[in-house]
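Convention: sequence-line order gives letters A, B, ...; per-chain numbering from 1. Here the structure is a predicted model, which means the values were calculated and not measured.
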Amino acid sequence: MSGFFAIALLLAAPLLLAATGELLLERAGSIQIGLEGTMLIGAFTAFAAARSGAGPHAALLAAACAGLLAGAAFAAFAVAGRADPILVGTAWNLVAAGGTAFSYRLLAGATGSVLEVKALPPFAFGLPAAALAAFFVPAVLEVFLTRTRPGLALVAAGDNPLALEATGGSVVAVRTAASVAAGALGALGGALLVLTVSPTFVEGVTAGRGFLALALVVFARWKPLRLVPGALLVGGATALQYRLQAGGGTGIPYAVFLALPGLLALFALAAARGRGGAPKALGTPAP
Amino acid sequence: MTQESAARRFVVAAIALAAAAAALVGLTLLAGASPIDALHALAEGSVGSRAALGETLARATALVLTAIAASLAFRAGVLNIGLEGQFLAGAVAAAAVGPLLSGAPFVARAGLLVASALAGALWVLPAAYLEARRGVPEVLSTILLNLIAAAAVSGLVRGALQDPRGDYPQSRALPDAVRLAPLVSGSRATAAIVAAIALALLVTLVVEATPLGLKLRATGLAPAAARAIGLPGARLRLLAFSASGALAGLAGGLEVLAVTGRLYDPFSAGAGYTGIAAALLGGSHPLAAAASAMLFAALGAGSSAMQRDTGVPGALATIVPGVLVLTVLAARARLTQKRA
């Protein structure tokens with residue numbers, strides 16, 4: 001496999017994990033605009049764990065655990081607490097960006113030197129197993145949502161919460177569980193960045209990937225399998241940007257390349273015609 | 001975004017202040033500093049001297065403007081999360097036209113600020129178009145426009161707008177005659193903060209006490225009812241959205257004119273996002289939002305001094321607004337449920 005495709009896959013994997021988690025949460029009827037913050041928390045946790053002696057796989061696990069807690073915290077405010085999830089998510093990004101920057105400075109001191117961590121070892125095609133596994137997660141979610149009883153309850157929480165309550169289910173419980181799972185996936189996405197693409201942590205290392213993942217969910221019209229082509233497209237655009245940046249002299253303004261993933265996501269949103277396919281109770285409080 | 005009773009506001013404010021104080025003390029302890037020393041440095045660095053107060057006021061300009069911009073949009077039911085991008089668009093416009101302007105400083109400044117406000121309003125248009133014509137929620141499109149604006153700034157200061165003198169990723173500096181001078185010596189505060197406060201009062205007046213403001217608020221509170229009594233909902237939303245963008249763009253222009261004198265990368269320390277936090281803390285009332293913005297500006301100025309004096313990381317100034325907003329949102333939701 002050529003270098004370009006390997007890098008495109010490597011860059012698509014964190015997006016795909018985060019977007020799959022977000023899709024799961026949105027199908028349950030809630031929404032986490034602060035996915036960028038959750039990814040940052042995962043990235044920092046993996047970095048901190050690796051710096052304190054954990055191997056890369058243990059660091060990945062530590063990030064997943066931090067993500068579970070982050071998802072539970074979000075649910076406490078936006079699901080059980082019934083505060084507006086969009087507004088909670090906006091504040092969430094501030095807390096996560098500030099919190100990881102604060103913790104990084106405590107960990108690294110004021111030296112400003114780059115602290116490297118050990119990257120995940122390659123498994124096949126020059127890619128680590130975790131990055132490859134990311135491409136199967138949407139399929140697992142598809143099966144879960146369409147073929148299992150808890151999956152159907154989750155879809156009911158997002159489409160018809162009152163019906164779920166009427167049949168004895170708890171919308172708060174389902175959405176909280178979805179938020180916890182989404183937190184873990186988002187954090188894993190962030191961790192994957194630190195443990196593969198750039199084996200160090202810098203403030204804002206996620207560089208807007210959480211926001212791109214939010215757009216991917218709309219582009220996929222809330223269908224898990226459709227996340228894969230979207231993530232590959234954005235991953236490919238980012239890989240192209242890296243390549244052209246290194247090559248230089250294309251005549252196209254540098255700014256356009258930097259903005260390419262964001263522009264692509266914006267066009268994808270426009271092409272998806274907005275909320276077509278959205279869960280009917282998306283963003284509404286639990287009954 | 002409903003209006004609250006005075007009693008409820010008081011309870012929410014008390015809970016939020018307690019949470020902010022707890023966060024401040026907890027974070028300083030976590031950083032291994034004495035909370036007393038850290039809070040002393042914070043106070044000294046924000047209001048303790050003429051220079052400190054000047055620093056707070058210099059930082060407040062952008063935050064006050066983005067806070068009233070957010071309030072205006074939120075009250076009309078537009079979730080403009082794109083203030084950061086509109087702020088950057090305004091700064092880009094200022095950096096692009098600033099060095100070209102000649103003539104009387106007053107005219108040059110006016111030209112620069114008009115360009116900034118226009119750029120901010122224009123940066124709203126893709127989101128407004130996608131929302132009106134293709135049903136794309138403005139929350140998502142404005143977030144992506146933030147990313148695109150940040151990427152554009154990063155590219156422009158290394159490309160078309162780069163200062164030909166030197167290799168730094170920054171634009172040419174504004175002429176000294178055009179830049180705003182400090183109001184008093186030994187302080188960084190300029191007339192920009194006076195302009196920001198005047199605009200805050202104006203926006204408050206328009207939103208709270210004019211027929212247009214009533215229409216905007218009606219559209220935000222009950223879109224269907226507003227439409228039923230014949231209000232042009234789409235046009236009112238577009239008006240609030242682009243006015244909000246213009247205010248954020250103006251904030252970016254004033255930042256270049258009064259504080260930095262040029263564009264560089266990364267340019268914004270999150271003014272757009274902190275402005276949203278200020279608006280949420282102020283319940284989207286423009287004046288309360290502006291007051292919250294002043295508080296966050298003091299926190300930002302003070303935390304720089306605190307980091308220097310006590311080693312507590314300055315990122316505290318990003319965490320505390322977030323904690324405040326989360327607490328306020330949770331407390332409001334809880335009180336609303338109790339009443340229902």
Side-chain angles (χ1 to χ4, degrees), chain A residues 31 33 36-37 73 76-78 81-84 86-106 109-110 203-204 207-208 210-212 214-215 217-218 253-263 265-266 269-276 278 283 285, chain B residues 27 30-32 74 79 81 126-127 129-131 133-137 139-141 143-156 158-160 266 270 273-274 276-277 280 307 311-326 328-334 336-337:
Chain A
I31 181 166
I33 295 288
E36 175 83 0
F77 283 101
R82 290 174 174 81
D84 184 328
I86 302 269
L87 304 183
V88 171
T90 312
W92 181 266
N93 276 332
L94 283 180
V95 175
T100 51
F102 188 92
S103 312
Y104 176 73
R105 192 157 173 117
L106 289 187
E203 283 178 29
F211 298 130
L212 295 175
L214 286 175
V217 174
V218 180
Y254 179 58
V256 175
F257 283 117
L258 290 180
L260 199 57
L263 283 169
L266 196 62
L269 271 189
R273 279 194 168 268
R275 295 181 98 79
Chain B
L27 289 168
L30 202 65
F74 290 173
L79 278 174
I81 311 293
Y129 172 81
L130 288 175
E131 198 262 335
R133 292 294 154 81
R134 313 204 51 111
V136 175
V139 170
L140 292 177
S141 54
I143 280 178
L144 292 176
L145 285 165
N146 288 346
L147 289 187
I148 295 169
V153 167
S154 187
L156 285 170
R158 293 175 174 82
Y273 297 111
T274 310
I276 291 175
L280 293 178
Q307 173 165 319
V312 177
L316 179 133
T318 312
I319 305 175
V320 171
V323 169
L324 262 171
V325 171
L326 282 178
V328 166
L329 291 174
R332 279 194 194 128
R334 173 59 66 90
T336 311
Q337 266 173 274

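Both the backbone and the side chain of Leu266(A) have a heavy atom closer than 4.5 Å to some heavy atom of chain B. At a 4.5 Å heavy-atom cutoff, the contact between Ile276(B) and chain A is made by side-chain atoms alone. Contact of Gln307(B) with chain A is made through the side chain alone, with heavy-atom distances under 4.5 Å. Only the side chain of Leu145(B) comes within less than 4.5 Å of a heavy atom of chain A; its backbone N, CA, C and O stay farther away. Contacts between Phe77(A) and chain B at a heavy-atom distance below 4.5 Å involve the side chain alone, from C-beta outward. Within the 4.5 angstrom heavy-atom criterion, only side-chain atoms of Val139(B), from C-beta onward, approach chain A.
Your options are Leu260(A), Asn93(A), Val88(A), and the one with the most heavy-atom pairs under 4.5 Å with chain B is Val88(A). When each of Gly159(B), Ala149(B), Ser141(B), Ala277(B) is scored by its heavy-atom pairs under 4.5 Å with chain A, the top score falls to Ser141(B). Put simply, of Gly262(A), Ala97(A), Ser103(A), the one with the most heavy-atom pairs under 4.5 Å next to chain B is Gly262(A). Options Leu156(B), Leu316(B), Thr274(B), Asn146(B) differ in how many heavy-atom pairs under 4.5 Å they form with chain A, and the most are formed by Leu316(B). Taking Leu147(B), Val325(B), Leu130(B) one by one and counting their heavy-atom pairs under 4.5 Å with chain A, the maximum is reached by Leu147(B).
Atom CG of Leu87(A) sits about 9.5 Å away from atom CZ of Arg332(B), to the nearest 0.5 Å. The CG atom of Leu79(B) lies 7.0 Å from the CG atom of Asp84(A); values are rounded to the nearest 0.5 Å.
Smallest separation of non-hydrogen atoms from Gly99(A) and Ile319(B): N-CG1, 3.5 Å. Pairing each heavy atom of Leu27(B) with each of Phe102(A), the nearest pair is O-CZ, 3.4 Å. Closest approach of Leu144(B) and Ala215(A) over heavy atoms only: CD1-CB, 3.7 Å. Across Ala315(B) and Gly98(A), no two heavy atoms sit closer than the pair CB-O, 3.5 Å.
You'll find the side chain of Phe211(A) stays beyond 4.5 Å of the side chain of Leu140(B), heavy atoms only.
In this structure, Arg82(A) contributes its side chain and Ala333(B) its backbone to no donor-acceptor pair below 3.5 Å.
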